[in-house]
Amino acid sequence: MRWIGFVLLLCAPAMAAVTGTVVNGTTGQPQAGATVGLYSLGQDGLDLVEQSKSDAQGRFTINQEVQGPHMIRATLDAVTYNLMLPPGSPATNLTLEVYNSSKQPGAAKVGKHMILFQPGGGQMVVNETYLCSNDGKTTWNDPDHGTVRFYLPAGAGGKVTADATPPGGLAIGAPVDKTSKPDVYAVDYPVKPGE
């Protein structure tokens, strides 16, 4: 009877897992309590597969097998940090870096500000670009006041959109909110270290 149990044990499939450590780049220490999610990438965007919390040593385990493109996303101080997992890449012993956040810019700054005017069809389209950098070790995140503010003429009728593009990433829509000042709007998008 022992022999049959041994054979059945050998035939059981091994459960794959995504494992790693969340490290706080501000402190240089493992980050406990970060929410870590595994997302599959499909034609309709991101789908949450499973999530867990990092333990006291910053370690996390997600008991899922990774097939196809996936992304690991950790959240700390309401800011998300991503790590892409292309097909065939290792899914164990990963390191995901996160940072403490501050409403103060710290080392984050606007390095360039460009304006492009595009007249046509009796209208004027204005594209404004801000290039931000952050050489520090803290994420600049001020959802109450925004990280970038700009003036929108009343003639625009409040029609405004904003995209944010991280280094090496794709442009994604960023929330734009009207401030208490007339015709001044704010973009709520965190500026992470290295961006």
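Only this structure's heavy atoms are used, side chains among them; waters, hydrogens and symmetry mates stay out.
- If you take CG on Asn82 and CG on Leu96, they are separated by 8.0 Å, rounding to the nearest 0.5 Å.
- The side-chain heavy atoms of Tyr130 and Val187, taken from C-beta on, include no pair separated by under 4.5 Å.
- Nearest heavy atom pair, residue Trp140 against residue Ala108, reads CE3-CB, 3.5 Å.
- The number of heavy atoms from other shown groups lying within 6.0 Å of NZ (Lys109) does not exceed 12.
- You'll find the side chain of Leu94 reaches within 4.5 Å of the side chain of Leu85, heavy atoms only.
- Between atom OH of residue Tyr151 and atom CG of residue Asp183 there is a gap of 5.0 Å, rounded to the nearest 0.5 Å.
- With hydrogens and angles disregarded, a donor-acceptor distance shorter than 3.5 Å links the side chain of Thr147 to the backbone of Tyr189.
- Note: the hydrophobic cluster containing Val18 also contains Leu83 (ILVMFWY, side chain heavy atoms under 4.5 Å, direct or indirect links).
- Both Ile115 and Met124 are assigned to one and the same hydrophobic cluster, defined by single-linkage of ILVMFWY side chains at heavy-atom distances under 4.5 Å.
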From CA spacing to verdict: side-chain hydrogen bond (donor to acceptor under 3.5 Å, both in side chains), Gln29, Gln31: CA-CA 6 Å; Gln29 301 297 314; Gln31 180 63 52; over 6 Å; no
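- Between Met71 and Leu46 there is a side-chain heavy-atom pair separated by less than 4.5 Å.
- Proximity of Pro86 to Pro69: side-chain heavy atoms (C-beta onward) are nowhere separated by under 4.5 Å.
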Would Phe60 and Lys53 count as a side chain to side chain contact (heavy atoms under 4.5 Å, CB included) if you check the C-alpha gap in whole Å, the side-chain angles of each, and the deciding distance to 0.1 Å? CA-CA 6 Å; Phe60 66 89; Lys53 290 261 188 197; over 6 Å; no
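- Taking the side chain as every heavy atom from C-beta outward, Leu38 and Ile72 approach each other to under 4.5 Å.
- Nearest heavy atoms, Pro30 versus Gly58: CB-N, 3.9 Å.
- Looking only at distances, a side-chain donor or acceptor of Thr26 sits under 3.5 Å from a matching main-chain atom of Asn100.
- Side chains of Glu128 and His113 form a contact here, defined as non-hydrogen atoms less than 4.5 Å apart.
- Within a 6.0 Å sphere centred on CD of Gln123, heavy atoms belonging to other residues, nucleotides or ligands number 12 at most.
- Taking CZ of Arg59 as the start and OG of Ser52 as the end, the distance is 12.5 Å to the nearest 0.5 Å.
- Shown here for Leu76 and Tyr99, the closest heavy-atom pair between the two residues is CD2-O, 3.6 Å.
- Following chains of ILVMFWY side-chain contacts shorter than 4.5 Å, one cannot reach Leu41 starting from Ile62, and the two form parts of different hydrophobic clusters.
- A cation-pi arrangement is present between Lys192 and Tyr81, with the terminal nitrogen or guanidinium carbon under 6.0 Å from the aromatic centre and inside a 45° cone about the axis.
- There is a path of hydrophobic side-chain contacts, each under 4.5 Å, that joins Val110 to Leu152.
- Between the Asn24 side chain and the Gly28 main chain, no donor and acceptor come within less than 3.5 Å of each other.
- Linking ILVMFWY residues whenever their side-chain heavy atoms come closer than 4.5 Å, directly or via other members, leaves Val79 and Val23 in distinct clusters.
- To the nearest 0.5 Å, atoms OG1 (Thr27) and NZ (Lys137) are separated by 9.5 Å.
- Asp77 places a side-chain N or O within donor-acceptor distance of the main-chain N or O of Ser101, the cut-off being under 3.5 Å.
- Results of the side chain to side chain contact (heavy atoms under 4.5 Å, CB included) test with Pro193 over Thr138, Asp135, Asn134 single out Asn134 as the only residue that passes.
- For the pair Thr92 and Ala17, the tightest heavy-atom approach, listed with the atom from each and the gap, is CG2-O, 3.6 Å.
- Looking only at side-chain heavy atoms (C-beta outward), Tyr39 and Asp47 stay at 4.5 Å or farther from each other.
- One finds the NE2 atom of His145 at 7.5 Å from the OG atom of Ser180 (value rounded to the nearest 0.5 Å).
- Nearest heavy-atom pair, Gln51 versus Thr35, reported as atom, atom and distance to 0.1 Å: OE1-CG2, 3.8 Å.
- Among all heavy-atom pairs drawn from Ala56 and Ala32, the shortest one is CA-CB, 3.8 Å.
- For the 3.5 Å distance criterion, the side chains of Gln118 and Asn127 qualify, holding a donor opposite an acceptor.
- To the nearest 0.5 Å, atoms CZ (Phe150) and OG1 (Thr179) are separated by 9.5 Å.
- Looking only at side-chain heavy atoms (C-beta outward), Pro143 and Asn141 come within less than 4.5 Å of each other.
- Within the cation-pi definition used here (under 6.0 Å to the ring centroid, within 45° of the axis), Arg149 does not qualify as a partner of Tyr185.
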